[in-house]
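Note that the coordinates shown come from a computational prediction; the quantities given were computed from them, not determined experimentally. Order of the sequence lines fixes the chain letters, A, B, ..., with proteins taken first and strands second; residue numbering starts at 1 for each chain. No hydrogens, no waters, no symmetry mates; every other heavy atom, side chains included, goes into these values.
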Protein chains: 2
Amino acid sequence: MSQTVDRALGILPLLARGPADLGRVAESLGVHKSTALRLLRTLHEHGLVYRQPDQRYRLGARLIALAQEAVESLDVRGIAHPHLLALNERTGHTVHLAVREEDEVIYIDKVESRYPVRMYSRIGRPVATTVAAVAKLLLADLPEEERRATAARLDYPRYTARSTPDAASFLRELATVRAQGWATDLGGHEESINCVAAPVRGADGRVAAAMSLSAPNVVVTAEDLLALLPLVRRTAEAVSREYAGHTPRQGSASRKDAPR
Amino acid sequence: MSQTVDRALGILPLLARGPADLGRVAESLGVHKSTALRLLRTLHEHGLVYRQPDQRYRLGARLIALAQEAVESLDVRGIAHPHLLALNERTGHTVHLAVREEDEVIYIDKVESRYPVRMYSRIGRPVATTVAAVAKLLLADLPEEERRATAARLDYPRYTARSTPDAASFLRELATVRAQGWATDLGGHEESINCVAAPVRGADGRVAAAMSLSAPNVVVTAEDLLALLPLVRRTAEAVSREYAGHTPRQGSASRKDAPR
DNA sequence: AACGCATGTTGCAGATGACGCAACAACAGT
DNA sequence: ACTGTTGTTGCGTCATCTGCAACATGCGTT
């Protein structure tokens, strides 16, 4: 809506892929160098962008600090954390907590596996929406209409042979997940990694977050992991109770629909 | 420099302190609501801001993802990480890695202590510049002039009785740190927590990052922690060698001084 | 119910401020 | 010394951002 801001913000994802000099930035934006310079200076003043000794620009510390505050201010996270720790304590596996936002799902907390094998994931990293167990739970909770629209918008990368191939089968999967109240990912993202997940619900009964237990084949079989499902569900329910209690400020879902 | 962008970015720290509605944002910026709306919409399109079901705005997932990419793209981090793990393995204490950027110092990696007592710190959180051991190392390396200017700009909060009280004593401390090549923080931030740190140097010999070992009094005495200093220094030197090798692209420090 | 109140949203005319140009400066390499 | 590359500045023009005023919507009160 605002051209200037739009351009300025366009610089950020650009720099996220690595440092760039003024020329590159200007070129990528399709603007004159002087314009790019002005925008970069403004971003710099706010600390979102940092100028390296070699004159190139990269994302700045303030951005990282902001993001940090952002995740920490999510109250589900604080409530769930001790439960995640306990779950890790009892099972030894990697525990994740994720929330949805628009079409994206991101991890907002993680407790590492006790086993030497580490998974490739990070707090703040967007989740593979079409295959991850937590993502299925979060999307399955959307109202029918929105669920279909979202499914249509998504890409369906074939990470492995068992990845969700297209919107149709994704919607079918979501229906199942919705009905059973839990989800799995059996090698859909990385061949040898399995995952079981359960939803955290808010005071209004809607799914506010999802937690999962992940482990590679080499540590436990899919069946053994599934045997832990009841524990995961109980934990998620415990978090739900606490979260719903802590959040009466949801109240009357306000306007039925965001106007326009 | 660019008014519009300036205002838009001013919204971010505002929202970092918690969700806010349109009115509040407009008021804080000192602009008309319609203006604030336009800015928020632009931020929203880029995913930096998210609109909650209750219509209020908070920081968005894309921001978090960007920050994530930002820290991961720092090459010191990747090189140092295995060394940090090893250091934690051998000592059991919390290990930090930090870099400086302008007047701020932030943690970019951390390995949690094996002991039950956890420290209050987080990747991405700005470090207490005037007391933290890693901050001292990073600032001590600045050229005299800049060091003095920086010291004058900083605030000197009295976290504890042993916190650095003012610029003068901070500069004295920096001189010591510079001479000895390592730094400590003995209860300067939190009464019962001690900390020893060593610098990671780039190909040009300048301090590029700093790593530290922290532990509360109840686990080890300050002396016992100091006994681990040689190990920390050796580790930092190992990282330095690897980092300097991996970074020939520093090359000729380019322009003597950033123009203007 | 009807009312006011608070909050969010839209279209518009006017003026501010952002845009690109062109010229300059500072280096690096040949 | 010359040439090419990259960053920086001042400025006139015109796009674009701004604030206003009116409308929309929901909430609580009388």
Side-chain angles (χ1 to χ4, degrees), chain A residues 1-12 14-15 18-46 48-58 60 204 248-260, chain B residues 1-12 14-15 18-46 48-58 60 102 203-204 248-260:
Chain A
M1 296 249 75
S2 164
Q3 185 186 63
T4 319
V5 178
D6 196 43
R7 285 172 169 170
L9 298 182
I11 295 177
L12 300 180
L14 191 76
L15 295 185
D21 59 26
L22 179 61
R24 258 174 237 306
V25 172
E27 186 188 14
S28 296
L29 288 183
V31 298
H32 196 269
K33 278 192 301 177
S34 59
T35 305
L37 182 65
R38 218 166 330 108
L39 299 177
L40 281 166
R41 283 227 178 100
T42 311
L43 289 169
H44 179 91
E45 267 177 23
H46 287 259
L48 299 191
V49 142
Y50 175 63
R51 193 147 203 203
Q52 296 182 332
D54 66 352
Q55 300 253 100
R56 291 186 306 168
Y57 294 91
R58 60 169 185 73
D204 52 1
R249 62 169 178 242
Q250 208 93 316
S252 53
S254 76
R255 310 178 180 197
K256 306 172 187 180
D257 222 336
R260 278 197 46 67
Chain B
M1 297 249 72
S2 165
Q3 186 187 61
T4 318
V5 178
D6 195 42
R7 286 172 169 171
L9 298 182
I11 295 177
L12 300 180
L14 191 76
L15 295 185
D21 59 24
L22 179 60
R24 258 173 237 308
V25 173
E27 186 188 15
S28 295
L29 287 184
V31 299
H32 196 270
K33 280 192 301 179
S34 60
T35 305
L37 182 65
R38 215 166 333 107
L39 298 176
L40 281 165
R41 283 227 178 100
T42 312
L43 289 168
H44 179 90
E45 268 178 21
H46 286 258
L48 299 191
V49 141
Y50 175 63
R51 193 146 202 203
Q52 295 182 332
D54 66 352
Q55 300 254 100
R56 292 186 306 169
Y57 294 91
R58 60 171 186 73
E102 232 91 321
D204 51 3
R249 61 171 178 240
Q250 207 95 315
S252 53
S254 76
R255 312 180 178 195
K256 304 171 188 180
D257 222 335
R260 275 196 44 67

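Atom CD in Glu27(A) sits about 13 Å away from atom C1' in dT6(D), given to the nearest Å. Straight-line distance from the CG atom of Leu39(A) to the P atom of dG7(D): 15 Å, rounded to whole Å. Whole-Å rounding puts the Lys33(A) NZ to dA22(C) C1' distance at 11 Å. As rounded to whole Å, 14 Å separates atom C1' of dG20(C) from atom CG of Leu22(A). For the pair Arg56(B) CZ and dG8(C) P, the computed distance is 11 Å after rounding to whole Å. If you take CD of Gln52(B) and P of dT7(C), they are 16 Å apart, rounded to a whole angstrom. Atom CZ in Arg7(B) sits roughly 8 Å away from atom C1' in dT18(D) (whole-Å rounding). Separating the CG atom of Asp21(A) from the C1' atom of dT8(D) is a distance of 14 Å, rounded to the nearest angstrom.
Leu9(A) places a side-chain heavy atom less than 4.5 Å from the side chain of Leu9(B). At least one side-chain heavy atom of His44(A) sits under 4.5 Å from a side-chain heavy atom of Glu102(B). Leu12(B) has its side chain within reach of Leu48(A): a pair of non-hydrogen atoms, C-beta onward, lies under 4.5 Å apart.
Distance from the side chain of Thr4(A) is smallest to dC19(C) among dT18(D), dG7(D), dC19(C). Looking at the side chain of Arg41(A), the nearest of the listed nucleotides dT9(D), dG19(D), dG7(D) is dT9(D). For Tyr57(B), the side-chain atoms get nearest to dT9(C) when compared with the rest of dT8(D), dT9(C), dG20(C). Minimum atom distance to the side chain of His32(A) is reached by dA22(C), of the listed dA21(D), dC17(D), dA22(C).
Taking the nucleotide of DNA chain D with the nearest heavy atom to each of Leu37(A) and Ser2(A), the more 5' of the two is matched to Leu37(A).
Applying the 4.0 Å criterion to OP1 and OP2 of dA18(C), one finds that Thr35(A) has every side-chain N and O outside that range.
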Filtered N/O pairs between nucleotides 11-16 of chain C and protein, under 3.5 Å:
none

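Note on Arg24(B): nothing from the nucleic acid sits closer than 4.0 angstrom, heavy atoms only.
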Query raised in the report: Are Gln3(B) and Thr42(A) close enough, and set up right, to give a side chain to side chain contact (heavy atoms under 4.5 Å, CB included), and what steps lead you there?
Result: CA-CA 9 Å; Gln3(B) 186 187 61; Thr42(A) 311; over 6 Å; no

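The structure places CG of Leu29(B) at 7.0 Å from CG of Leu39(B), a figure rounded to the nearest 0.5 Å.
The shortest heavy-atom contact between Tyr57(B) and Leu40(B) is CE1-CD1, 3.5 Å.
Within a 6.0 Å sphere centred on CZ of Arg58(B), other residues, nucleotides and ligands contribute more than 12 heavy atoms.
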